[in-house]
*Asks:* 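Pasting in a structure now, in structure tokens, and then I'll have a few things to ask.
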Amino acid sequence: MSDTTAVIGKNKPMNAHEMATAQLNRAAEVMGLDPEIHTILSQPKNELIVNFPVRMDDGRHVMFKGYRIQHNNIMGPYKGGIRYHHEVHLDEVKALAAWMTWKCAVMEIPFGGAKGGIKFDPRQYSPAELERITRRFTHALGNNIGPDHDIPAPDVGTNAQTMVWLMDTYMNFTPSDRKNAVRGVVTGKSLTSGGSQGREKATGQGLVFVVEEWAKENNFSLNGATFAVQGFGNVGSFAARILAKHGSKLVAVQDHTGAIRSVDGLDAVKLADWVKKNGGVAGFPGGDVINQTEFFSTQCDLFIPAALENQITAETAPLLKCRAVFEGANGPTDIDGDRILRERGIELLPDVLANAGGVTVSYFEWLQNRRAESWTLEEVDARLHTMMVHAYATVRRIARDRKIDNRTAAYVHALTRIETVYKERGIFP
Ligand code: GLU
């Protein structure tokens with residue numbers, strides 16, 4: 001849940017929608033995507049904005065602005081998280097929705113792409129207020145979501161509790177005889193309310209599976225390797241704890257509260273407990289306090305941005321001293337950042353592959369809900385592993401065959417599948 005906006009220099013961060021469009025255009029050109037399908041995919045199918053009042057604990061009513069952007073559903077129901085953050089805006093949610101379409105297609109999951117959010121800082125509100133905000137937002141979304149139509153999940157600022165409130169609210173306006181059939185309206189629920197084993201750690205776990213494949217391909221030993229993580233929320237903290245089990249060493253970490261570094265390595269498990277109690281990495285004993293430039297300049301093997309968009313940019317990409325970047329966040333590298341990493345020969349494993357473990361286990365949760373099943377953690381992890389290994393191999397094969405970067409290769413893989421379906425089905429009427 002960490003947020004870190006680039007504060008180095010004065011450059012305005014790139015608009016996320018423009019960034020997503022530039023990525024799409026690059027891949028479309030490489031593969032010769034049908035121009036009409038390209039145009040269709042350049043905009044979301046539906047953009048829903050709702051304004052709604054919520055009663056605060058002191059009795060006042062405050063207006064909130066919520067979004068649900070449905071980018072594309074040709075491969076299956078719309079799918080994607082709900083973000084609570086004070087910087088949520090239309091163009092950001094549009095970009096995040098498009099990235100979900102590509103991510104699900106890269107993973108060969110039968111889902112489309114969507115994203116939602118509310119523009120507010122959840123840290124400033126009580127649990128009772130968060131519950132009322134979530135329930136009122138769900139009510140405002142009404143039948144625009146549904147287990148066969150559009151399936152939300154957690155994202156920055158939301159968690160399993162948020163999803164359970166959402167599910168319960170949705171169930172409350174579903175006829176009694178259908179209530180249990182709609183449990184899959186959201187994923188990322190608590191285990192007790194119908195969630196899946198392994199969902200909480202899934203994004204971090206999937207990222208580590210990608211790291212493992214990369215290490216194998218490069219004959220690189222993870223035992224003794226060093227890594228830095230930006231953002232120590234769900235994705236960053238699970239990735240760090242799982243990598244630590246491989247004998248890799250966390251040498252630097254940064255979040256919205258500050259940055260710390262230790263050449264001897266930071267204890268990822270203790271740091272995760274610290275962040276839970278204190279709200280951020282600042283003050284964690286055992287590390288030296290560093291600034292943002294020092295954080296980005298830290299010598300390490302693997303760099304894992306797991307916070308927000310626009311972190312690896314024209315200003316920060318030249319600072320990186322790592323072998324490879326694994327994108328735990330969505331859109332952490334802007335267009336200049338991508339180009340600079342390519343020029344510098346730093347390999348990048350893109351968000352739509354590296355952080356796809358979350359939506360993949362969301363798919364498993366949705367399947368379990370439909371079939372009234374409950375899979376073991378071993379089964380979930382094994383299936384996730386198979387799918388991540390397959391997606392990694394496919395993306396790398398395309399990158400090698402076409403001599404293109406991994407992000408463009410992932411897009412080519414996703415767009416080829418989507419284009420095929422458009423051509424098979426045609427455009428109505
Ligand atoms: N918010 C996560 C993502 O960006 C998970 C989405 C999901 O599980 O639907 O991939």
Side-chain angles (χ1 to χ4, degrees), residues 1-3 16 20 67-73 75-85 88 92-107 109-118 145-160 162-164 166-167 184-190 194-207 210 231 233-236 238-239 305-309 326-332 349-369 380 384 387-388 391 410 414:
M1 239 174 280
S2 314
D3 57 337
Y67 301 85
R68 187 69 182 170
I69 306 298
Q70 298 171 330
H71 177 261
N72 193 274
N73 65 345
M75 308 302 274
Y78 298 109
K79 184 82 189 85
I82 302 254
R83 177 171 292 200
Y84 289 175
H85 192 274
V88 162
E92 181 193 43
V93 191
K94 278 167 73 171
L96 290 162
W99 287 326
M100 287 309 302
T101 301
W102 318 141
K103 196 183 297 184
C104 292
V106 165
M107 294 309 297
I109 290 171
F111 284 147
K115 202 79 169 200
I118 307 178
I145 58 170
D148 292 308
H149 174 43
D150 182 354
I151 308 144
D155 194 75
V156 175
T158 56
N159 55 28
T162 324
M163 295 306 115
V164 174
L166 220 153
M167 178 196 77
V185 64
V186 285
T187 58
K189 301 179 289 286
S190 67
S196 176
Q197 293 282 355
R199 176 62 186 84
E200 200 189 356
K201 67 160 181 154
T203 311
Q205 180 67 73
L207 186 137
V210 169
N234 173 280
V235 182
F238 274 107
L308 291 176
E309 302 91 68
F326 297 82
E327 294 187 326
N330 291 308
L349 281 301
D351 45 12
V352 291
L353 169 68
N355 75 29
V359 73
T360 303
V361 178
S362 275
Y363 168 52
F364 299 161
E365 177 174 334
W366 182 79
L367 280 180
Q368 290 171 76
N369 290 162
V380 168
L384 175 63
M387 289 182 67
M388 297 305 305

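Atoms within each ligand, like the ligands themselves, are counted from 1 in listed order.
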*Asks:* Rounded to the nearest 0.5 Å, how far does CG of Asp150 lie from CZ of Phe111?
*Replies:*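 Between Phe111 CZ and Asp150 CG, I get 10.5 Å after rounding to 0.5 Å.
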
*Asks:* How many angstroms lie between CZ in Phe364 and CD1 in Ile109, if you round to the nearest 0.5 Å?
*Replies:*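 Answer rounded to 0.5 Å: 7.0 Å.
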
*Asks:* Quick check on contacts: which atoms of ligand 1 are under 4.0 angstrom from a heavy atom of Val359?
*Replies:*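 Counting atoms of ligand 1 from 1, those under 4.0 Å from Val359 are 7 (C), 8 (O), 9 (O).
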
*Asks:* To the nearest 0.1 Å, how far is atom 8 (O) of ligand 1 from its closest protein heavy atom, and which atom is that?
*Replies:*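 Ranked first by proximity to atom 8 (O) of ligand 1 is Ser362 OG, 2.6 Å.
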
*Asks:* Distance check, rounded to the nearest 0.5 Å: Trp102 atom CH2 versus Asn72 atom CG?
*Replies:* 7.0 Å

*Asks:* Give the residue, atom name and distance (to 0.1 Å) of the protein heavy atom nearest atom 7 (C) of ligand 1.
*Replies:*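 Nearest neighbour among protein heavy atoms for atom 7 (C) of ligand 1, to 0.1 Å: Ala153 CB, 3.3 Å.
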
*Asks:* Has Arg83 got any heavy atom lying under 4.0 angstrom from an atom of ligand 1?
*Replies:* no

*Asks:* Roughly how far apart are Ile82 CD1 and Tyr67 OH, rounded to 0.5 Å?
*Replies:* 13.5 Å

*Asks:* For His149 and Tyr78, run ring pair (Phe, Tyr, Trp, His ring centres under 6.0 Å): C-alpha distance rounded to whole Å, both residues' side-chain angles, the deciding distance at 0.1 Å, then the answer.
*Replies:* CA-CA 6 Å; His149 174 43; Tyr78 298 109; 5.8 Å; yes

*Asks:* Can a non-hydrogen atom of Pro154 be found less than 4.0 Å from any atom of ligand 1?
*Replies:*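 True for this residue.
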
*Asks:* Does ligand 1 have any atom that is closer than 4.0 Å to a heavy atom of Gly188?
*Replies:* no

*Asks:* Which bit of Asn330 is near ligand 1, meaning a heavy atom under 4.0 Å away: side chain, backbone, both or neither?
*Replies:*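 The answer is the side chain.
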
*Asks:* Assess, by modelled atom type and distance only, whether the side chains of Asn73 and Lys79 contain a donor and an acceptor separated by less than 3.5 Å.
*Replies:* no

*Asks:* Got the closest protein heavy atom to atom 5 (C) of ligand 1, with its distance?
*Replies:*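 Sorting protein heavy atoms by distance from atom 5 (C) of ligand 1 puts Arg199 NH2, 3.6 Å first.
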
*Asks:* Distance-only, no hydrogens or angles: does the Gln368 side chain make a donor-acceptor pair with backbone N or O of Ser196 under 3.5 Å?
*Replies:*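 A pair under 3.5 Å: no.
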
*Asks:* By number and element, which atoms of ligand 1 are closer than 4.0 Å to a non-hydrogen atom of Gly80?
*Replies:* 9 (O)

*Asks:* Would you compute the distance between atom NE2 of His85 and atom CG of Asp155 and round it to the nearest 0.5 angstrom?
*Replies:*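 Nearest 0.5 Å value for the NE2-CG distance: 10.5 Å.
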
*Asks:* Which residue and atom name correspond to the protein heavy atom nearest atom 9 (O) of ligand 1, and how close is it?
*Replies:* Lys79 NZ, 2.7 Å

*Asks:* If you have a sec, work out which protein heavy atom is nearest atom 10 (O) of ligand 1 and how many Å separate them, to one decimal?
*Replies:* Lys103 NZ, 2.6 Å

*Asks:* Could you tell me, atom by atom, which parts of ligand 1 come under 4.0 Å of a heavy atom of Met100?
*Replies:*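 Listed by number with element, the hits are 3 (C), 4 (O), 6 (C), 10 (O).
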
*Asks:* Going by the order shown, which atoms of ligand 1 are within less than 4.0 Å of some heavy atom of Lys115?
*Replies:*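 By the 4.0 Å cutoff, the relevant atoms are 1 (N), 3 (C), 4 (O).
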
*Asks:* Is it true that, when you exclude Gln197 itself, more than 12 heavy atoms of the residues, nucleotides or ligands shown sit nearer than 6.0 Å to its CD?
*Replies:* yes

*Asks:* Heavy-atom distances under 4.0 Å decide this one: backbone, side chain, both or neither, for Met163 against ligand 1?
*Replies:*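 For Met163, there is no contact with ligand 1 at all, from either part.
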
